[in-house]
Amino acid sequence: MSIRAPRPVDALARFLAVATALKNTKQRWFEDWQLLRHAAVPLASLEGDPAELASRLRATMDAFEKRTRWWQDTHGSLRIPLAAQVLQSGGTVDEHLAELARAATLFRAHKLRRGGSGEVLAIQILAEQAPDRRVTESQVRRLRAIFDWIKRDHPWTVSAADYPTIALLAATAVEPEQIGMRVEGIVEDLRERGFKQRAAALTTSHVLFFHPLKDRSACERFEALWHEFRARGLRMQSGDYDELALLAFAPGTASSVASRVLEHRVSIDALRPKPDRNTSFSLACGTAFLELVGGDRALRRLSRIQAAVQIQSILRARQAAATASAAGAA
């Protein structure tokens, strides 16, 4: 069964309680604390005792592991965010795995190449948008059309890794050609402002597409947050684009939003094992955003999708590091 979103709560306190409960529950000799804590951010919006939520998350992770093979994407670290998704949306692990397999056949039918974690997360996003949580052929056809339009402007950049945010764009009623044109306009605006990392800017444009302000104003908001954090001594990099894209939707001035994030980061830094600087900043952006938007369901949903994108970024970075290491050893 699904868990209802509660009235606005202290998102930081809820997150810390769930994260602490995860630390106090049964552990293995090696724990993926980075992904576990990222998965705990959206759980801060759910009702229930934190210890119970932590136990249910671990039980659901175990269920994914038992029902999948070691070589499958859903068997490894990806089972952590998938388990969190089951807790948020309801249903069983078997139902979620069956839907992933069924939707994957639709992706192949529309000649979308296998996308690993990107495909799995995109299917989850599409399912969340479907009335009965069953991905439709029309959704996949639309995702393919939008993918093709964006790839015209970014033939060497857009890939299966972009499936999740393109799945988000597919939920709109805007024509694929118009989406492609607006996305490209946002990318160019960001590049003119100095945000030149193309892949990161492209993902950011997919999120800013939904901003209630005009595209130029949304980019200005993004830039203001970037400069605010840099003025406070943070070493900002392209890996922070997606967090700032989310924060651009939060109410308040850039200064007040940055202050709230850094306040949260102090408490998150106290967790053990201690998160690294990038992780603590990312987690603080997530909890601060939930606190600032309160009970806004649409923005909370956007937060969950941004968390999925962040998790995918972590998995891709790990894969790239492993590939580089193997190449260096050869």
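Atom set for the values below is all heavy atoms of this structure, side chains included, hydrogens, waters and symmetry mates excluded.
A salt bridge is defined here as a Lys NZ or Arg NE, NH1 or NH2 lying under 4.0 Å from an Asp or Glu carboxylate O, and Arg193 with Asp189 meets this definition. A salt bridge is absent between Asp10 and Arg14; no separation between the charged side-chain nitrogens and carboxylate oxygens falls under 4.0 Å. For Arg260 and Glu291, the salt-bridge test passes: some basic side-chain N is under 4.0 Å from an acidic carboxylate O.
Proximity of a side-chain donor or acceptor of Arg191 to a complementary backbone N or O of Ala201 within less than 3.5 Å is not detected. Although no hydrogens or angles enter the test, the distance criterion places a donor-acceptor pair under 3.5 Å between the side chain of Thr20 and the main chain of Leu16. Checked by atom type and distance alone, the side chain of Arg265 never pairs as donor or acceptor with a backbone atom of Ser280 at under 3.5 Å. Here the side chain of Gln139 pairs a donor or acceptor atom with the backbone of Leu126 at under 3.5 angstrom. Between the Gln197 side chain and the Ala199 main chain, a donor and an acceptor come within less than 3.5 Å of each other. At distances below 3.5 Å, at least one donor-acceptor pair connects side-chain atoms of Asp162 with backbone N or O atoms of Ser159.
Atom SG of Cys219 and atom NZ of Lys214 lie 13.5 Å apart (nearest 0.5 Å). Separation of atoms CD (Glu243) and CG (Asp240) is listed at 5.5 Å; rounding is to 0.5 Å. To the nearest 0.5 Å, the span separating CD on Glu223 from CG on Leu190 amounts to 9.0 Å.
Residue pairs meeting the salt bridge (charged side-chain N to carboxylate O under 4.0 Å, His left out) criterion with at least one partner in residues 224-235, sequence neighbours excluded, are Glu228-Arg232. The ring-ring contact (aromatic ring centres under 6.0 Å, His included) contacts involving residues 76-104 comprise nothing, where partners must be two or more places apart or lie in separate chains. Residues in residues 231-269 take part in these ring-ring contact (aromatic ring centres under 6.0 Å, His included) pairs, two or more places apart or across chains: Phe195-Tyr241, His211-Phe249, Phe222-Tyr241, Trp226-Tyr241. Within the structure, the ring-ring contact (aromatic ring centres under 6.0 Å, His included) test picks out the following pairs touching residues 137-181 (sequence neighbours left out): Phe107-Tyr163, Phe147-Tyr163. Counting only residues at least two apart or in different chains, salt bridge (charged side-chain N to carboxylate O under 4.0 Å, His left out) contacts with residues 83-96 comprise Arg67-Asp94. The side chain to side chain donor-acceptor pair (under 3.5 Å) contacts involving residues 115-124 comprise Arg108-Glu119, where partners must be two or more places apart or lie in separate chains. Residues in residues 195-205 take part in no salt bridge (charged side-chain N to carboxylate O under 4.0 Å, His left out) pair, two or more places apart or across chains.
Under 3.5 Å, the side chains of Arg79 and Thr74 contain no donor-acceptor pair of N or O atoms.
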- [ ] Output, in order, the C-alpha distance, side-chain angles, deciding distance and verdict of side-chain contact (heavy atoms from CB on, under 4.5 Å) for Leu202 and Asp153.
- [x] CA-CA 10 Å; Leu202 184 60; Asp153 292 314; over 6 Å; no

Task: Trace of the side-chain hydrogen bond (donor to acceptor under 3.5 Å, both in side chains) decision for Thr279 with Asp276 - done: CA-CA 5 Å; Thr279 299; Asp276 61 48; 2.9 Å; yes

- [ ] Any chance you could lay out the side-chain hydrogen bond (donor to acceptor under 3.5 Å, both in side chains) test for Ser138 and Thr136, step after step, and finish with the verdict?
- [x] CA-CA 5 Å; Ser138 63; Thr136 67; 3.0 Å; yes

- [ ] Report the C-alpha separation of Thr253 and Ser256 in whole Å, then their side-chain angles, then the decisive distance to 0.1 Å, and conclude whether the side-chain hydrogen bond (donor to acceptor under 3.5 Å, both in side chains) test is met.
- [x] CA-CA 5 Å; Thr253 64; Ser256 65; 3.2 Å; yes

- [ ] Check the pair Asp148, Arg144 against salt bridge (charged side-chain N to carboxylate O under 4.0 Å, His left out), reporting the backbone distance first and the verdict last.
- [x] CA-CA 6 Å; Asp148 288 345; Arg144 176 59 199 252; 2.9 Å; yes

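The minimum heavy-atom distance linking Thr287 with Val41 is given by the pair N-CG1, 4.3 Å.
Partners of Ala40 by side-chain contact (heavy atoms from CB on, under 4.5 Å), not counting sequence neighbours, listed by chain and number: Phe15, Val18, Leu22. Partners of Arg182 according to the salt bridge (Lys or Arg N to Asp or Glu O under 4.0 Å) rule, which considers only residues two or more places apart in sequence or in another chain, are Asp215. Listed by chain and residue number, Arg318 satisfy the salt bridge (Lys or Arg N to Asp or Glu O under 4.0 Å) test with Asp32 (two or more places apart in sequence, or in another chain). Listed by chain and residue number, Glu99, Ile123, Val135 satisfy the side-chain contact (heavy atoms from CB on, under 4.5 Å) test with Ala103 (two or more places apart in sequence, or in another chain). Qualifying ring pair (Phe, Tyr, Trp, His ring centres under 6.0 Å) partners for Phe229, counting only residues two or more places apart in sequence or in other chains: Phe281.
For Arg277, the CZ atom sits in a loose shell: 12 or fewer heavy atoms of surrounding residues, nucleotides or ligands are nearer than 6.0 Å.
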